[in-house]
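Structure first, commentary second.
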Amino acid sequence: MPRLNSRADLEELRKEILAKRDPNKPRITVCSGTACSASGARQVAVALEEEIRKRGLDAEVELKKTGCHGFCEKGPLVVVYPQEICYVRVRPEDVPEIVQSVKENRIISRLLYVGPGKERISRESEIPFYKYQKRIVFGLNRQVDPKSIEDYIASGGYGALAKALFEMSPEQVLEEIKKADLRGRGGGGFPAGKKWETARNALGEPKYVIVNCDEGDPGAYMDRSLMEGNPHRVLEGLIIGAYAIGAREGFIYVREEYPLAVENVKVAIKQAEEYGLLGENILGSGFDFHVRVHRGAGAFVSGESTALMNAIEGRVGEPRMKYIHTAVSGIKGKPSCLNNVETWANVPLIIEHGADWFRSIGTEKSKGTKIFSLVGKVNDTGLVEVPMGITLRDIIYKIGGGIKGGKKFKAVQTGGPSGGVIPEEYLDTPVDFDRLVELGSMMGSGGMIVMDEDTCMVDIARFFVGFLLEESCGKCVPCREGLRVLHSILTDICEGRGRDEDLKLIEEIAETMKETSLCALGTTAANPVLTTLKYFRSEYEAHIRERRCPAKVCKSLIAYYIDPEACQACGACLKNCPVGAVEGGEDEIHRIDQDKCTKCGTCYEVCAFNAVKKISGEPVPPSPPRGTRPRAKR
Amino acid sequence: MVELGCHHCGYRWNYRGESAFYATCPRCHYKVRIPNQKVDQTGELGKIGLEEHSKNLTGIAKIVNTVVSQFGYDENMLIQILLTFQKNFGWIPREVLSEVSKQLGVPLTRVYQVATFYKAFSLAPVGKHKIRVCMGTSCKVRGAPVILERLEGLLGIKAGETTPDLRFTLETVNCLGCCALGPVVVVDGDYWGNLTVRNVEKVVRSYR
C-alpha cells in the first residue's frame with residue numbers, strides 16, 4: 001500500500017474502498033472481544049469460516065470479526081447485515097443453519113434475543129439493551145474489524161485528523177476541545193481542554209502525550225473494549241491531541257492483563273505508519289508524531305498519572321506529590337499530557353462534528369456520553385454508552401433489564417474502589433460527574449456494579465478496603481496504615497467482634513486519610529466505607545449489636561441447617577460436602593454437624609428442594625433424631 | 001579507560017577503575033554514573049563495542065543480551081524487558097535479574113525493586129498450570145470467594161502458592177473484564193465462566 005501523502009489521497013482511498021464494497025452484500029459479523037471469545041466466539045468464527053468456504057460462498061457472504069459489541073451477557077454474538085439480525089449465545093453447532101439462513105434470507109427465531117415480554121426480537125437496535133443507549137464513541141466497534149485500517153477509513157476514519165491538520169491551527173483544535181467542555185473520562189472529570197492548554201503553554205521540549213489504558217478498577221472494562229475493538233479511533237484522537245499540544249512523541253500504556261488490546265493497538269500503529277497517518281510527515285502536512293506501546297506490569301496504583309509516568313520511565317509505579325502538574329512536568333520532567341482511552345476516543349468526534357454538536361448531548365456541566373460497564377447482579381450485563389444525565393434507574397432497569405433472578409435491588413456501586421454505593425432512594429439521580437460526587441461516590445472510570453439483597457454492605461466495604469490495602473504502594477503513611485487499620489476493624493465487625501465505638505473510629509480514620517494522603521488512591525480509599533456507613537448504618541449496627549448479618553454473607557455470623565420438613569434425603573449435600581459435615585443416610589433426614597461445617601455453602605447451592613437454610617443471629621434449631629424419615633415418605 | 005565528567009563539580013578525568021556502574025569523583029567524591037555503552041564483561045572499559053561484546057557472551061548472559069539488545073539497552077524499558085522474561089520463562093530467576101542489571105547499567109536494587117513491586121513478576125518457579133481466579137467486584141458478588149475456597153481445598157494450597165509437584169499455581173486477579181461470565185477462572189488462558197462450587201472439580205481434573 002503506498003503512503004498517503006495528502007488529504008486528497010485519503011479521500012481517494014476512502015472512495016476506492018467504498019466502491020469495492022456492496023452495502024447490500026450479506027455480511028456476518030462475530031464479536032471477538034475478550035468476553036465473547038471466552039464464551040466461545042473463536043470457535044464460532046472458525047466454524048463460520050469453514051462453513052462459508054465449504055459451500056463456496058466466499059464471494060457472496062462476507063465474514064467479519066469485529067471488536068466488542070458490549071452485550072457480553074449474551075455472547076457469543078453474531079449479527080447478520082444488512083438486515084441487522086442479532087443472534088445471541090451462538091454455538092458452533094448453530095453455524096450451518098446460520099449460513100443457510102443468510103443464503104435464503106430468513107431468520108432463525110430460536111437464536112434471537114428474548115425480550116422481557118417473551119417476544120423474540122430480531123433487529124439489534126430494537127433490543128432494549130441497545131435501544132436506550134446513545135453509542136457515539138462505542139457504536140463503530142461492532143462494524144469494523146480492529147485489525148483492518150481500511151474498515152476504519154471506510155467508515156470515515158482519520159477524516160477528523162485530516163480536518164485538524166489542514167483546516168485548523170493547533171490553537172483552533174485546542175479551542176474546539178475547550179468549547180466542547182470535554183471532561184476526563186478516567187474518573188476525576190478534569191477538563192481535557194484545560195490540561196491540553198497547560199501542556200501546550202508549558203516550557204520544555206519534547207512534549208509527550210499519553211493514553212492511559214491501565215484500567216484497574218475491578219468490574220470496569222470499557223477502556224479495554226475500546227482499545228481492542230477500535231484502536232484506530234483512540235490513535236486518531238491521540239494524533240490530533242499531539243498536534244494541538246505540540247507533542248512529537250506519544251505513549252500508550254496498556255495493562256499486561258489485556259493481551260488482545262496490546263496486540264490490536266500494535267497492529268493499528270503499524271498500519272497507520274504504513275499508510276502515512278503516523279510517523280514522519282503525516283499526510284504530507286509536515287507534522288511528525290511517533291507512538292510507542294508500554295505494557296503495564298500489574299499494579300493498580302500505576303494507573304495514577306504520576307505513577308504511570310514513573311512506570312513509563314521503567315521505574316516503580318509510585319505516585320509523587322503534585323505540586324506541579326504532570327502537564328508541566330511529567331515524563332523525564334517534560335510536559336506530558338495524559339488522558340484516558342475514552343477521552344482520546346471522543347476527540348475525533350468533536351473535531352469532526354464540532355463542539356456545538358458535542359455540547360448538545362449531556363447535562364449542563366457534563367457533556368457528551370459515558371460508557372459504563374454494567375455488571376453484577378443485573379440481567380443484561382455489558383457495556384452501555386449513555387448520554388450524561390440519564391438516571392441510574394433507566395440504566396439498570398431499562399437497559400440492564402432489572403435484577404437477576406427477580407431479587408430485590410439493594411445498591412449500585414459506581415467508581416470502583418474509589419467510589420461508593422448508592423442506595424435505592426437515589427436511583428432517580430441523573431448520572432453526571434458532579435451529582436455522583438454529591439452522593440459520596442464518583443464517576444470513576446465507569447464501573448457500575450449492581451448489588452441485590454444477598455450482598456452484605458459491610459463485607460463489600462471490607463472487600464474494597466482489602467483490595468486497596470493490597471494495592472497501596474505504601475509510600476505515604478495515611479494510606480498505608482489507615483487502610484490496614486480500617487481493614488482490621490471491618491474484619492472484626494464481619495467476624496462478630498465489632499464494638500460500638502468502632503464506627504466512630506472508622507469515620508475518624510477515613511477523614512484523616514481523605515485530608516492527608518499523597519494521591520487519589522488514598523484520598524478516595526475511604527469512600528466505599530463512608531458511603532456504606534452513611535446509607536446502610538443499620539447493617540453495621542446489626543453486625544455489632546446483634547451479631548447478625550442481615551444479608552447472610554459474613555461467615556462467622558451465619559449457620560447452615562437442614563430443614564427437616566423439606567429434606568427429601570436425596571443425598572446431594574452429603575455427596576458434595578467437601579468436609580464431610582453432613583450426616584445421614586438413605587431414607588433418613590440429613591443433619592449438618594455444626595462443629596465440622598466450614599460454611600462453604602456447597603450444600604445450600606446443590607440442594608434441589610430448598611431444604612438447606614441459612615440463618616443468622618438466631619440459634620440453630622435442634623436436628624431431628626437419627627433415623628427420622630423424610631416427610632413425603634413417612 | 002573511560003573519560004568521565006562529574007555532574008556536581010564539573011571535574012573531568014579518565015576513569016580506570018573496575019566498577020561497572022558508578023565512579024567516585026576524585027575531587028568532590030560525588031557518585032558519577034558510568035555510561036553503559038562503555039562497559040564490558042572483562043572490566044576493561046571502552047575497548048569493545050556492544051555488538052562485539054555480545055558475541056562473547058555465554059549462558060544466561062547471552063540469553064539476557066538477546067532481549068536487552070532488542071530493547072536498545074534503554075533503561076526506561078526495564079519493565080518491558082522483565083515482562084518478556086516473565087512471559088517466556090514463567091518466572092524470573094535471580095541470575096537473570098543480576099544480568100539485566102549489569103547489561104542495562106541499572107543498579108540491582110532498582111531491578112529488584114521493580115521486580116517485586118509489580119504483580120506480573122514472579123521470582124519463584126510456578127506450576128505447569130496457572131489457575132487465576134477473578135476476585136473483581138462483579139465476580140465477588142456472584143460468588144467467587146466460594147469458588148476460591150473450593151479450589152484451595154482441592155489443591156491443598158492457598159492463593160499465591162504452588163503445589164509441591166509444580167503442577168498448579170493458584171492466583172487471584174482483580175478483574176479479568178469478563179464480568180458477564182462471573183465467577184470466572186482462567187487456567188492457562190482458557191476461560192471457565194459461570195462456575196459453581198460443583199463444577200470446579202471438573203475444571204481442575206481436566207488439567208491433572
Side-chain angles (χ1 to χ4, degrees), chain A residues 34-35 37-39 71-75 215-221 224-225 256-258 294-300 302 311-318 332 373 375-377 381-382 413 416-417 447 449-452 454-455 460 463-464 467 471 473 576 578-579 598 600-602 605-606, chain B residues 71 74-84 86-87 104 106 110-111 113-121 132 134-147 149-150 153-154 172-182 184 186 189-194 196-198 200-201:
Chain A
T34 299
S37 299
S39 45
F71 197 14
C72 309
E73 179 74 34
K74 298 282 181 222
E215 188 182 40
D217 284 7
Y221 57 103
R224 184 197 67 192
S225 290
E256 177 258 349
E257 287 93 327
Y258 291 171
H294 262 253
R295 283 171 298 161
F300 177 69
S302 64
I312 285 180
E313 288 177 30
R315 290 167 185 279
V316 162
E318 279 176 355
K332 299 171 196 159
S373 69
V375 297
K377 299 279 187 72
T381 307
Q413 207 277 348
I449 298 130
V450 179
M451 295 164 187
D452 66 5
D454 289 341
T455 316
I460 283 296
F463 166 75
F464 280 117
F467 170 81
E471 295 294 344
C473 72
N576 282 294
V579 291
T598 55
C600 67
T602 309
E605 210 168 285
V606 298
Chain B
F71 285 95
D74 183 354
E75 61 171 284
N76 291 339
M77 290 294 168
L78 177 59
I79 297 172
Q80 311 303 312
I81 291 168
L82 293 183
L83 275 173
T84 312
Q86 174 69 39
K87 201 178 162 199
L104 217 51
V106 173
R110 224 188 88 198
V111 178
Q113 188 190 18
V114 167
T116 49
F117 181 84
Y118 292 102
K119 277 214 184 119
F121 305 125
R132 307 169 100 186
C134 181
M135 289 298 266
T137 326
S138 176
C139 283
K140 185 194 155 60
V141 298
R142 285 172 174 225
V146 185
I147 304 289
E149 206 166 281
R150 183 86 179 112
L154 280 172
T172 58
V173 287
N174 287 326
C175 184
L176 291 162
C178 323
C179 306
L181 304 173
V184 182
V186 181
D190 304 335
Y191 288 74
W192 298 85
N194 291 319
T196 57
V197 183
R198 266 210 243 187
V200 169
E201 201 174 345

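We name chains A, B, ... by the order of the sequence lines, and we start the count at 1 in each one.
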Taking the side chain as everything from C-beta on, heavy atoms only, tell me whether A:Glu256 gets closer than 4.5 Å to B:Leu83.
yes
Give the C-alpha distance, both sets of side-chain angles, the deciding distance and a yes or no for side chain to side chain donor-acceptor pair (under 3.5 Å) between B:Asn174 and A:Glu471.
CA-CA 10 Å; B:Asn174 287 326; A:Glu471 295 294 344; 2.9 Å; yes
Please report the closest heavy-atom contact between B:Tyr118 and A:Ala297, naming both atoms and the distance.
CB-O, 3.2 Å
Most contact-rich option vs chain A, by heavy-atom pairs under 4.5 angstrom, among B:Leu154, B:Val197, B:Val186, B:Thr137, is B:Thr137
Atom pair CE/CZ of B:Met135 and A:Phe467 - distance to nearest 0.5 Å:
12.0 Å
The interface call for A:Arg224 against chain B, heavy-atom contacts under 4.5 Å, is side chain
Please give me the minimum heavy-atom distance between B:Val114 and A:Arg315, naming the atom from each residue.
CG2-C, 4.0 Å
Looking at every non-hydrogen atom in both residues, tell me the closest pair between B:Cys175 and A:Gly219 and how far apart they are.
SG-N, 3.1 Å
Which of A:Gly298, A:Gly75, A:Ser225, A:Cys72 touches chain B most, by non-hydrogen pairs under 4.5 Å
A:Gly298
Is there a side-chain contact between B:Phe117 and A:Glu318 in this structure, where contact means two heavy atoms from C-beta onward sitting under 4.5 Å apart?
yes
For B:Glu149, which atoms come within 4.5 Å of any heavy atom of chain A: side chain, backbone, both, or neither?
side chain
For residues B:Cys179 and A:Tyr221, determine if any side-chain heavy atom of one lies less than 4.5 Å from a side-chain heavy atom of the other.
yes
Okay, A:Phe300 and chain B: the region with an atom under 4.5 Å from a heavy atom over there is neither
Side chain to side chain, B:Glu75 and A:Glu313, heavy atoms closer than 4.5 Å
no
Chain B shares the most heavy-atom pairs under 4.5 Å, among A:Gly376, A:Ala35, A:Ala299, with A:Gly376
Going by heavy atoms in the side chains, are A:Pro578 and B:Arg150 under 4.5 Å from each other?
yes
In Å, rounded to the nearest 0.5 Å, how long is the span from CD of B:Gln86 to CZ of A:Arg295?
10.5 Å
Between B:Leu176 and chain A, with a heavy-atom cut-off of 4.5 Å, which part of the residue counts as in contact: side chain, backbone, both or neither?
backbone
Select, from A:Gln413, A:Lys377, A:Glu215, the one with the greatest count of heavy-atom pairs under 4.5 Å involving chain B.
A:Lys377
Nearest heavy-atom neighbours spanning B:Val141 and A:Thr455
CG1-CG2, 3.9 Å
Report which part of B:Arg110 has an atom under 4.5 Å of a heavy atom belonging to chain A: side chain, backbone, both, or neither.
side chain
So for A:Lys74, is it side chain, backbone, both, or neither that comes closer than 4.5 Å to the heavy atoms of chain B?
neither
Going by heavy atoms in the side chains, are B:Arg142 and A:Thr381 under 4.5 Å from each other?
yes
Selection from A:Met451, A:Lys332, A:His294 maximising heavy-atom pairs under 4.5 Å formed with chain B:
A:His294
Do A:Thr34 and B:Cys178 come within less than 4.5 Å of each other through their side chains, counting heavy atoms only?
yes
side-chain contact (heavy atoms from CB on, under 4.5 Å) evaluation trace for A:Ile449 with B:Lys140
CA-CA 11 Å; A:Ile449 298 130; B:Lys140 185 194 155 60; over 6 Å; no
By a 4.5 Å heavy-atom criterion (distance strictly below it), what part of A:Asp217 contacts chain B: side chain, backbone, both, or neither?
backbone
Heavy-atom closest pair (A:Ala38 atom, B:Leu181 atom, distance to 0.1 Å) is CB-CD1, 3.6 Å
Give the minimum heavy-atom separation between B:Gly136 and A:Pro218, together with the two atoms involved.
CA-CB, 3.6 Å
Which of the residues A:Cys600, A:Gly317, A:Ala311 is involved in the greatest number of heavy-atom pairs with chain B at under 4.5 angstrom?
A:Gly317
